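First up is the structure itself, then whatever we jot down about it.
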Amino acid sequence: MSTIASSNPPSTIPAYLTTTSIGKKVLMAVSGVIAFGFVCGHMLGNLQVFIGQDQMNHYAETLQNLGPMLWVIRLFLAAAFITHIWLGILLKLQNNAARPVGYKNETTQKASLASRTMIWTGLIILTFVAYHLLHYTARLTNPEYASLLDGQGRFDVYSMVIHGFSDWIISAVYIVGVGLLAYHLSHGVASMFQSLGLNSPAWQVRLNRIAWFFTILLFVGYASIPTAVLTGCLTLPGGGY
Amino acid sequence: MKLDAKIPSGPIAEKWSKHKFEMKLVNPANKRKYSVIVVGTGLAGASAAASMAELGYNVKAFCFQDSPRRAHSIAAQGGINAAKNYQNDGDSVFRLFYDTVKGGDFRSREANVHRLAEVSTAIIDQCVAQGVPFAREYGGLLANRSFGGAQVSRTFYARGQTGQQLLLGAYSALSRQIGLGKVQMYPRTEMLDVVLVDGHAKGIVVRNLVTGEVKSYAADAVVLATGGYGNVFYLSTNAMACNVTAAYRAYKRGAAFANPCYTQIHPTCIPVSGEYQSKLTLMSESLRNDGRIWVPKSADDKRAPNDIPEADRDYYLERKYPSFGNLAPRDISSRAAKEVCDEGRGVGDTGLGVYLDFADAINRLGEDTIRERYGNLFDMYERITADNPYKVPMRIFPASHYTMGGLWVDYNLESTIPGLFVLGEANFSDHGANRLGASALMQGLADGYFVIPYTIANYFAAAGAKNLSPDGKDFKRTEDEVNERTRKLLSINGKRSVDSFHRELGKIMWDYCGMARNRKGLETALQKIPELREQFWQDVRVLGTNEELNMSLENAGRVADFLEFAEVMCEDALDREESCGAHFREEYQTEDGEALRNDKKYTYVAAWEYKGVGTKPELHKEPLEFENVKLATRSYK
Amino acid sequence: MNLTLHVWRQKNAHDKGRMEVYQARDISEHMSFLEMLDVVNEQLVEQGIDPIHFDHDCREGICGTCSLVINGAPHGHQKATTTCQLHMRHFSDGDHIYIEPFRAKAFPVIKDLVVDRSAFDRIMQAGGFVSVNTGGIPDANAIPIPKYFAEKAMDAAACIGCGACVAACKNASAMLFVGAKVSQFAHLPQGQVERERRVRAMVAQMDAEGFGNCTNQYECEAVCPKEISVEVIAKMNREYLRAATKKS
């Protein structure tokens, strides 16, 4: 005899978003969109390093001068990241539990490697971001950066970047880090459209292309900075590094 | 045994309305006091269980599949007939009624057929409301096609999956009632006997196929919707587990079995490719619209089909039936194929096959047009045979497909056991000696949605709610008998597998009681079947225990029943000394080989009463009267 | 041809189970995969070994009863083909074939290769229907349905409920199955009245059964014998978000 297993259909909007698998996936997608937006904006900001010291430091100062608004933005981004990470882990644990006994002989039909390693690329990216914050934002790993000032008395972000990337080990960490981030997004960008219901057979191919376009764009954009420093294309105002 | 068809009096078009008014009702507040058991969840069973639960009765539904959605109704391809006359081409309830009686070769009960035609229109309404995605025209209205040589377009369809969509509709209605708690569903549970209390059907004994537990369930009435017995031939288009057990065990408890010899053989199936073959796949009849059927003229011609020149080919249907040609009716084309194969002119490794050739159609219309019309069928054919039908002719052969015979029921669909109702293919009621294409789905749903909900109330109102306990002595006694049988099957521990017996029985039935029958052959079969049965009970090997999922044991029980039932079928075929519809007795044919009916002697329903294993069952006759359709001979020349 | 089969054997739900090796001798290329197993089973019975249990019924690819993960793919590696329609000509002499049951917490093994898929039925019972009783229905042509939507509904309705989508999904998610049913009704006027209630109830039941979450890898679409598109999942996600914003 079959009977209905107990289930509690959601009735409020928070319940819709937090109690069911689709709701959680929607939150995952929305927090992913926010994180993706940040990653794109952050890259545009960083690329100003190629315009020169003045532009870079001016940009950094403008951000700093936002005052309390900066913290609002930071908290908003932190909330999105934490949601994304926390749900990512939770969903992964649920997914593992959904197949307690695996296959002896398992094959994959079309799932990309990126899609199958999201949790691992995600966790490594998390570690990378933690290091990045300690390195350039809180500057705990390199307290000496605090004394860098440019000719106008502004904090010299430009020089800090060049000092930082002049160590090839640090550069390598950054290049690998942004590489994994880009790879993570190669699945993530297309996936968030599907999770939000914005997909169709015709768009599926296009979305995959768009995802790869961003993957390459972000990787090239981010990796270009340490590469430029290492190859001597970007140098300190006085030359050398 | 007395057969009372309980046909209401009055003009044919008013019988059902009149009867509905005259039948007793159960007060809405009292309906919940009644319980009913439904066995089988195909179109008839699922629609009956859902409809009765909606009315307020407590329903227990049983199926041996893992889910009610798997019943074999799901495999029907073509469509469902209904007298909607949406195409404005002259269809009407009376025309559908007329076509069905005539198509059944005047061996069905007029009143039942008329009711079927009457309710056919409501079925389509019901299915559309459930969300069945029938094919539509660009204007958004329902599309129809002509099917099986009908002169009007009255067939509704959902691609080539009409049966699936209708069944999923009925299954969704059933699921809703299960969710509401009005139906208790028991999947993977097989009915092994019906329990009679004071002569009325009041319960069933079932085996839980997962745990092996044998248990009784009691109710105020029992409804059987357990399908046909086509698998008596072993190879058929039926699903592997289709069986006669539920119907046959009811027969052994006193329900008469009607017209078992009416079995339909479908002409266009993919032929057998070897001994191991487990089932035959139907290819839609529509292929005959463009394909030409032929065999080599000479029995020794072993050339590849494309190497055989026109002059050495025999397009036998076109030759014998110049006006109908390749579109000759199912029974005619099936028999013609058998004939040429009997002459040794069959094609393929086994010699049991004929060519269905699209070369001319491709030359005339182009490959694209053919692909558009039959692409999915050609793909299916290629998947199974690895031959490309665009390049080499298809090979086809007839196969057992549907059984018109079944448990005898009266106008209320009640069998000769009071309180035991039989629906769908399991009963004998509406198709006479031959079923028209796209009418099986119609009958299953008519019985379940629109007939049984009325007629069961009439029975309940008269019999009253009994609220019996399944622990009573009648239940225990039946359970003991079931257990004893299982114990016996498991204890034989012989040498032969269950399937080997089933295959052998199938061969006997196909050879002697298949497409064409004669006295000598039937007598041979009647001698061979008991021998095989005896061997079965001495030498069958069923491994494992009762207390587990044991598919050999399940199968053994079913084959054991086929081994008894086959005799009833042959007795019926022997008794009916005429050729009608799907029943062709070689002794009774016209000079040019056409079926020769004997209306004077055989215008009756043959209802057989069980008299013991190996004892000839007793024949009871229900005379058929034709007041609205004039008896006439079918002709295809 | 001769083949070596590695088959999952498990006496019952409580047994731990293991892979066993059997030889399949003299297999004809014209056999279906299940007929090959029939032959092996007849040989096993002769040797007094309990035959391999597997679910099957219609053997023409429509009932959805047959299952099996063959060499790592539900229903084998042939596109748009159920196990019962898979033929041995796609294998070669000497091949090793791995045969395992569909794996998911929501599909517990009953015996050998037979699993319990009643979770699908319970999802249907939660909302996979239009709440109409028999009778009293308006004429079938009373509501015209644009051909495009009728076809879309039929595309989704072609699902046979076999569970291959769950078996193939890296997360054992049932989204393709549930999405197909939600999508079918969402495309039809008859499905509109209960649109919000349906998706809500079916999704909640799907979760309660212990299926995993969709991570948009589309393994389900790749193995679906009826080629149901993951479009139905996007449609269900949309339906779900829509329901969140509506009173019903």
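Here is the naming used below: chain letters follow the sequence lines, and residue numbers restart at 1 for every chain. From a predicted model like this one, the values you see are computed outputs, not experimental measurements.
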- Query: Which answer fits C:K170, side chain, backbone, both or neither, if we ask what part of it has an atom under 4.5 Å from a heavy atom of chain A?
  - Reply: both
- Given the options C:R103, C:E231, C:R238, which has more heavy-atom pairs under 4.5 Å with chain A than any of the others? C:R103
- Item | Shortest non-hydrogen contact between A:Q204 and C:V230, atoms and distance | OE1-CG2, 3.3 Å
- Query: Quick one: SG on C:C169 to CG on A:N95, what's the gap to the nearest 0.5 Å?
  - Reply: 7.0 Å
- Given C:Q217, C:M236, C:H77, the one with more heavy-atom pairs under 4.5 angstrom with chain A than any other is C:Q217
- Item | Those residues that, when tested against C:D155, pass salt bridge (Lys or Arg N to Asp or Glu O under 4.0 Å) (two or more places apart) | B:R159
- Item | Neighbour count >12 (heavy atoms, 6.0 Å) for atom CZ, A:F50 | yes
- Query: Around atom CZ of C:R242, are there more than 12 heavy atoms of other residues, nucleotides or ligands at under 6.0 Å?
  - Reply: yes
- Message: At a 4.5 Å cut-off on heavy atoms, which part of C:Y218 comes close to chain A: side chain, backbone, both, or neither?
- Response: both
- Which heavy atom of C:S229 sits nearest a heavy atom of A:P201, and at what distance? OG-CG, 3.9 Å
- Heavy-atom closest pair (C:N171 atom, A:A98 atom, distance to 0.1 Å) is O-CB, 3.4 Å
- Item | Contact listing (chain C partner; residues 100-117 of chain A; heavy atom under 4.5 Å) | A:P100, A:V101, A:G102, A:Y103, A:K104, A:N105, A:E106, A:T107, A:T108, A:Q109, A:K110, A:A111, A:S115, A:R116
- Task: Supply the atom-to-atom distance C:N213 CG to A:L93 CG, rounded to the nearest 0.5 angstrom.
- Result: 10.5 Å
- Message: Please check this pair: side chain of C:Y240 against backbone of A:Y16, looking for a donor-acceptor N/O pair closer than 3.5 Å.
- Response: yes
- Message: Under a 4.5 Å cutoff for heavy-atom pairs, which residue among C:A172, C:A168, C:A244 has the most contacts with chain A?
- Response: C:A244
- Point-to-point distance, once rounded to the nearest 0.5 Å, from OG1 of A:T20 to CE of C:M202: 14.0 Å
- Message: Counting only non-hydrogen atoms closer than 4.5 Å, does C:A119 touch chain A with its backbone (N, CA, C, O), its side chain (CB onward), both, or neither?
- Response: neither
- Can you establish whether the number of heavy atoms outside A:F193 located under 6.0 Å from its atom CZ is more than 12? no
- Measure the CG-CG distance between A:N199 and C:N216 for me, rounded to the nearest 0.5 Å. 8.5 Å
- Item | Sub-4.5 Å side-chain heavy-atom contact between C:T215 and A:M118 | no
- Query: By a 4.5 Å heavy-atom criterion (distance strictly below it), what part of A:S195 contacts chain C: side chain, backbone, both, or neither?
  - Reply: both
- Task: Mind listing the closest non-hydrogen atom pair of A:P9 and C:A201 along with its distance?
- Result: CG-CA, 4.2 Å
- Task: Let me know if C:I233 has heavy atoms under 4.5 Å from chain A in its side chain, its backbone, both or neither.
- Result: both
- Nearest 0.5 Å please: distance from the CG atom of C:D207 over to the CG atom of A:N8. 11.0 Å
- Task: Answer with side chain, backbone, both or neither: which region of C:E239 has an atom nearer than 4.5 Å to a non-hydrogen atom of chain A?
- Result: neither
- Message: To the closest 0.5 Å, what do you measure between CZ (A:R99) and CZ (C:F107)?
- Response: 10.0 Å
